[in-house]
Peer 1: 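Please see the structure below; I have some questions.
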Amino acid sequence: MELPFAESWKIKMIEPIRKSSRSERELWIEEAKYNMFQLRAEQVYIDLLTDSGTGAMSDSQWAGMMVGDESYAGASSYYKMRDTITRITGFDYVLPTHQGRAAENVLFSCLIKEGDVCPGNSHFDTTKGHIESRKAIALDCTIDEARDTQLEIPFKGNVDIEKLEKAFIKYGDQIPFVIVTITNNTAGGQPVSMDNLREVRILANKYGKPVILDSARFAENAYFIKMREGGYETKTIKEICLEMFSYADGMTMSAKKDAIVNMGGFFATNKKDWYDMCKIKGIVYEGFITYGGMNGRDMNALAIGLEENTEFENLETRIKQVGYLGKKLDEYNIPYQRPVGGHAIFVDADKLLPNIPKDQFPAQTLAVELYLEAGIRGCEIGYLLADRDPVTRENRFEGLDLLRLAIPRRVYTDNHMNVVAVALKNIYDRRNDIKRGFKIKWEADILRHFTIELEKA
Ligand code: F0G
């Protein structure tokens, strides 16, 4: 008999979590104005709000924390981190920032001006926020197939090359760069193929435009390329990473995901002119160029985390757990964005709660139901997160309305996944009784989902 699959690590340290009663949760979620971000973490049993900064560091990473160099300038921890990043990405210039959006802020401050258009594949919310707050447009050029949650294709995060070329022709000089997010978080943690990255590069060259990779989950993207794209089966993850980055001029990185640290990020490039511009902004917003908002010990942990998480076994353990939850959901016929993505399952709320109209926010309603059912916290990636159109101020209902269940790296066991699956099944079984969603009581102009206040519709 073939031996079953098991994790490529064992557990050395545990953190207790606590269950609560339904009546406790009813009170807490009402106090939180039905906003998951306003709950206290201790009011949550299984926390799938995000995979960002929530991973479990390895013994080697913790060991690295003890020998961090906290010098203001020229810390050895910076050089260790820089050398690791250069080896894995091929980029020589590395500017640390306190997290991913800070790298966006530094870079976009140099590159974007009012009226610009930045094409890409489903920009992440902070990326869109940093573009739109500069009165520029984040133009989504994701392939149309990504919108059909039941369609199974291997690289559902890809850029539509025709849409991109149309954008180049239409907006010309208004385009400062193309930004490709690997994996494509908003479309469901879906990967972008090497072929697609190559095509983007060729087209960008034709129109003289630089390419940036939003790389929060680049190692997971490399895993999918190895598993799904012809010609990469025998390549190592590190070889695949080097090729992916060879098609870009620079990268922004939230190290809280694939570098498995609790805080950290960076911008990296081979363009000296970009680095020289960015380092000035970096000093103003983040800190000196060899720490940029990070502790020395955190830079050590980042270097070690990147090294570990660009190895196949670690990625396989992680992505197979997400797949395990997907299989459980299949048993119960729960509709989600197919195929299963790298870091999360994205449940299709429109399909799961057919009686909730769009303007009552089905995915948010499902998030509240799942919390009430079992103390599980997910995150709406849908109509609330989409914010209002900056010009018309109307809600944007054109995209998908999904409940994201993001799995932290190396944190929960498959038993926790079983609880999540059954909780969703119970909601699915009583879906016809769920008829009321939510309406907005108060909202911010931008990135409203973090602070929004809701009431029952
Ligand atoms: N880019 C992508 C693709 C992301 O998913 C995120 C963060 C960022 C940039 C910003 O990085 O948080 O370090 O400032 N995503 C988290 C999430 C918050 O839950 O998906 P950050």
Side-chain angles (χ1 to χ4, degrees), residues 35-37 41 44 47-55 95-108 118 120-133 138 140 142 146 157 159 179-192 212-221 224 244 248 250-268 282 285-286 292-294 298 301-302 305-306 322 337 341-346 363 367 377-382 384-386 402-409 411 446-451:
N35 180 339
M36 296 297 145
F37 291 95
V44 175
D47 202 348
L48 308 184
L49 184 69
T50 179
D51 63 324
S52 180
T54 53
L95 192 68
T97 60
H98 77 276
Q99 61 184 89
R101 70 199 68 182
E104 292 164 6
N105 186 33
V106 163
L107 180 63
F108 295 178
C118 307
N121 56 339
S122 330
H123 312 65
F124 183 65
D125 60 354
T126 60
T127 319
K128 183 159 64 84
H130 274 302
I131 294 171
E132 291 182 348
S133 66
D140 186 10
T142 310
V159 179
I179 183 157
V180 185
T181 304
I182 54 172
T183 58
N184 183 329
N185 181 5
T186 314
Q190 299 293 330
V192 175
I212 297 163
L213 294 183
D214 175 348
S215 311
R217 301 178 182 84
F218 75 89
E220 290 170 4
N221 201 81
F224 284 118
M244 290 187 321
M251 68 184 287
T252 53
M253 176 76 185
S254 169
K256 301 168 71 172
K257 286 84 167 172
D258 271 354
I260 322 192
V261 285
N262 302 118
M263 196 54 71
F266 57 87
F267 162 66
Y285 295 135
E286 295 294 301
M294 294 187 72
D298 289 339
L302 194 163
L306 261 192
V322 185
Q337 171 73 302
H343 67 297
I345 299 269
F346 289 64
R377 174 158 70 169
C379 177
E380 192 252 30
I381 302 268
L384 288 179
L385 181 120
L402 306 166
L403 172 65
R404 186 183 73 172
L405 305 171
I407 321 285
R409 293 165 184 78
V411 170
I446 198 161
L447 297 175
R448 62 179 176 178
H449 54 292
F450 291 119
T451 53

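Both ligands and their constituent atoms are indexed starting at 1 by order of listing. Just so it is clear, the values below take in all heavy atoms, side chains as well, and ignore hydrogens, waters and symmetry mates. Quick note: residue numbers are just sequence positions, from 1. Please read all numbers here as calculations on a predicted model, not as lab measurements.
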Peer 1: List the protein residues in contact with ligand 1, where contact means a heavy-atom separation under 4.0 angstrom.
Peer 2: Thr50, Ser52, Gln99, Gly100, Arg101, Glu104, Phe124, Thr126, Thr181, Asn185, Asp214, Ala216, Arg217, Ser254, Lys256, Lys257, Arg404
Peer 1: With a 4.0 Å cut-off on N to O distance, would you call Lys128 and Glu104 a salt bridge?
Peer 2: no
Peer 1: Could I get the full list of ring-ring contact (aromatic ring centres under 6.0 Å, His included) partners for His449, not counting sequence neighbours?
Peer 2: Phe37
Peer 1: Roughly how far apart are Arg217 CZ and Asp51 CG, rounded to 0.5 Å?
Peer 2: 4.0 Å
Peer 1: In chain order, what residues pass the ring-ring contact (aromatic ring centres under 6.0 Å, His included) check against Phe218, with sequence neighbours excluded?
Peer 2: Phe245
Peer 1: My understanding is that only residues two or more places apart in sequence, or in another chain, count here; which of them pass side-chain hydrogen bond (donor to acceptor under 3.5 Å, both in side chains) with Thr54?
Peer 2: none
Peer 1: Looking only at non-hydrogen atoms, find the nearest pair between Gly264 and Met294 and report the distance.
Peer 2: CA-CE, 3.7 Å
